Amino acid sequence: MNEEKNSASLLAELVDDFSLMAKKVLANETLFHSLVEKSSESLLIVGKAHGEILYANAAAEKLFYTAPGELVGQMFGHPIREGEISEIDVVHSSRRKTTAELHVTPLEWDGEAAWLLSLRTTVERHHLKNTLHKNTDRLNALINASPLAIVAVDMSGCVTLWNQSASRTFGWSEVDVLGQPLPLMPAPGGKESLQDLIEQALHGEVLYGRELTGQQRNDGSALDLQLWTSPLHNSQEITHGAMIFAVDITERKRTENQLLNIAGIDVLTGLANRSQFRERLRQAIERVKQGDQPPFAVMHLGLDRFKAINQSMGHAMGDQLLREAARRLSSTLYDTDLLARTGGDEFSILLRDIRHVRDGARIAQRLLDSVAASILTDGGELYPTASIGIAVYQQDGTDADSLLHNADTAMQRAKERGGGTSQFYTEGLDLRAREQLAMESDLHHAYERGEFKLFYQPQVNPANGLIMGVEALLRWFHPEQGSISPAQFIPLAERSGMIIPIGEWVLRTACAQAQEWVQAGVSPVRVAVNLSARQLEHPQFISSVADALRESGLDPAMLELELTESMLVKNTEDIVAVMLTLKKMGLQLSLDDFGTGYSALSYLARLPLDTLKIDQSFVRGIGQNQTNNSLSIAIIALARSLGLKTIAEGVETWEQAEFLVANSCDEIQGYFFSHPLPAEECTTLLTAGSIFPSPLQQVLPAVWRHQRQRGSMPGLALAH
Ligand code: C2E
Ligand code: CA
Ligand code: CA
């Protein structure tokens, strides 16, 4: 086989080399010269003006029996007719007469118009004819003895040359095909056919050792080929046909495929095969047992109704579908996951690192979606669907066999449910993951359907009852489930990336609302917007803030962004840079849920913050014991030492409010004053004036009573 390949490539190289050489010769005058010099043909160059010999090569000198250089300068003395072949008598010095055929080609010689004359004597012509015959015979012998199948076709695709190897390779004999169009060799499953490649060659394309597998001989047996094709040109560079050299590589491919199989590769799809999958699964189990790896899941995916497709549309179509499914699945998975073809129409997937069961459900859904896109085949459009069974390591099995078996059982159940769906082996998990998944996909639509609304919760200066700001809080009104808490859906939106468009919507809406209040003449309030880490890390974040401000016309000083400590620990430098830009733009920045995270004093001081929001958990502890009280006081003191304003969150009771006022907390937010309200209700509150009606009337006198008792100025008292 190797020998065949070598001779084939050798031949192709030779063809290439020769045409390259011809080009070089024409381009290189000295080479041309030496070629003329050494030519066995008698060549003369005769000036047109006087008929004087300007050059004669050695063969010409020999023909005329003259000494070297003697011919030059003499008159040629015979009539010269351009474009015609004439015969002249040549009398050389021995006085013997002979006739020579005279070919005339005009050319330029040393800047003068001249003729190139080539002379061939009768003897030479006879000799040449013989050699030509001999060469043709040799060439024919070579072509027929060649281990390569050699085929030539004319422009209409009819065979003009078909050697013995071609008969052996394709199964048709020379008499079957000569002068006929190339016999149709069916190329199954939309594969490229030999005809396609010949068509390309006729259009000028050159193929060099291309493999063409899955073809058929005339008896229907499988045929794999390696091909070299080239267009055939005449002297005017016009294509008049194509030449094909082919090597039968069926045997080699078979051996290769066997080797692939031994190496654990599925030949049809190039994926891992069943034995490799089992081995890798076994290794993964070992590693998890040693504690090196997070838990993983095994998925078993089966194409729905594959057997029907295979039977009705043919195996070739089935193969095409399997390959396309393999391609789609592997492009949906991460490189670290392992995808294998483990049965006729079945794939297995080793999903590494699934921390949450819902991750498994989400990935399963992605895989199902990727398979479900229609496939255009030769036989029309196919709409494949798949079923997936999922088994999670440990709870659904601790060894390879039980995991595979359970994933398979789960897949069967998915199929029983009508296909196109996934199923966990463990029932309960399935349900929870499914709910999460449903919510995630609803979230996509919620945005488009306008199911989101912003509520606003006032932040009040307790000393005078002025509403200083409002915090915008997102609400999702699900058509079936009613209001869903942001605590539930924000993490989902973060994971799926939906938080980016949602977050932008929040920013735009909040800014527009705040500006509406300004324009309506109600007391201008600062609007606080919550951010997610993913938003802050997004390269377009700054510009989306700028857009929201520009579109609404809101004064940047009226926009406050709430960040949390957990957002600041990762990529601190980058985040600080973003914060500094926001500050330059004139925005306010606050640190939300303060005290629940990791904040170290040193790093807090470095951040360009305006406000600390004391977390609800501290506020809730107020009045319960001395430690809790001291903690809240310490936080306020800390904020003050850093020059930051404090807002206490989740203030629900009179006692909490009074304590915070007494300890100089700047602003208070919580149910005590107001729940988060829809914009319209908030407008009413803001228009009603600065003083809160009922609750504050209760608080203020109490606070002042308290402070009077301690003899301290309002806003400076510290209780211990
Ligand atoms: P958060 O930023 O800490 O918001 C304060 C939460 O406490 C709000 O919950 C609010 O309704 C609630 N709250 C206010 N006053 C009281 C009170 O007196 N007592 C109690 N127990 N709770 C009170 P909500 O609206 O459910 O929001 C939950 C979280 O969802 C927010 O916590 C925030 O982290 C997030 N979130 C809300 N809206 C957005 C948003 O637009 N974008 C982002 N990224 N996150 C948001
Ligand atoms: Ca907040
Ligand atoms: Ca908070």
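Keep in mind that this is a model prediction, so the values were computed, not measured. Whatever order the structure lists them in is the order used to number ligands and atoms, beginning at 1.
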Heavy-atom nearest neighbour of atom 6 (C) of ligand 1 within options R475, Q616, Q535, Q488 = Q616
ask   = Under 4.0 Å between a Lys/Arg side-chain N and an Asp/Glu carboxylate O for E451 and R475?
value = no
query = For atom 32 (O) of ligand 1, is the nearest protein heavy atom under 4.0 Å away?
reply = no
request  = Taking all heavy atoms of P491 and all of P486, pick out the closest pair and write down the distance.
outcome  = CD-O, 3.7 Å
inquiry  = Just to check, does E471 reach to within less than 4.0 Å of ligand 1 when the distance is taken from its heavy atoms?
reply    = yes
message = Would you say that L333 contacts I349 through its side chain, given a criterion of any heavy-atom pair below 4.5 Å between the two side chains?
response = yes
message = Between the side chains of R606 and E573, is the shortest nitrogen-to-carboxylate-oxygen separation below 4.0 Å, so that they form an ion pair?
response = yes
ask   = Heavy-atom distance to atom 41 (O) of ligand 1: which of V506, I502, I484 wins?
value = V506
task = Using a strict 4.0 Å threshold on nitrogen-to-oxygen distance, state whether E537 and R534 make a salt bridge.
result = no
message = Is the contact between L531 and ligand 1 made by the side chain, the backbone, both, or neither, using heavy atoms and a 4.0 Å cut-off?
response = backbone
Got a list of side-chain donor-acceptor pairs under 3.5 Å for residues 630-639, not counting sequence neighbours?
| unit_1 | atom_1 | unit_2 | atom_2 | d |
| --- | --- | --- | --- | --- |
| S630 | OG | Q626 | O | 2.8 |
| S632 | OG | N628 | O | 3.3 |

key: Any Q669 heavy atom less than 4.0 Å from ligand 1   = no
message = Below 3.0 Å, which protein N, O or S atoms neighbour the Ca ion (ligand 3), ignoring water?
response = D592 OD1, D593 OD1, E649 OE1, E649 OE2
Atom name of the N, O or S atom in E471 that lies nearest to the Ca ion (ligand 2) = OE2
ask   = Just to confirm, does any protein heavy atom lie below 4.0 Å from atom 25 (O) of ligand 1?
value = yes
ask   = Do NZ/NE/NH1/NH2 and the carboxylate oxygens of D547 and R550 come within less than 4.0 Å?
value = yes
ask   = Below 4.5 Å, heavy atoms only, C-beta onward: do D304 and K415 meet side chain to side chain?
value = yes
message = Side chain, backbone, both or neither: which applies to L473 and ligand 1 if a contact is any heavy-atom pair less than 4.0 Å apart?
response = both
ask   = Considering all protein heavy atoms, does one lie under 4.0 Å from atom 44 (N) of ligand 1?
value = yes
ask   = Taking it one step at a time, do R620 and E652 satisfy salt bridge (Lys or Arg N to Asp or Glu O under 4.0 Å)?
value = CA-CA 8 Å; R620 220 173 290 132; E652 291 181 356; 5.9 Å; no
inquiry  = Given the ring of F296, does R352 sit roughly above its face, with NZ or CZ under 6.0 Å from the centre of the six-membered ring and within 45° of the axis?
reply    = no
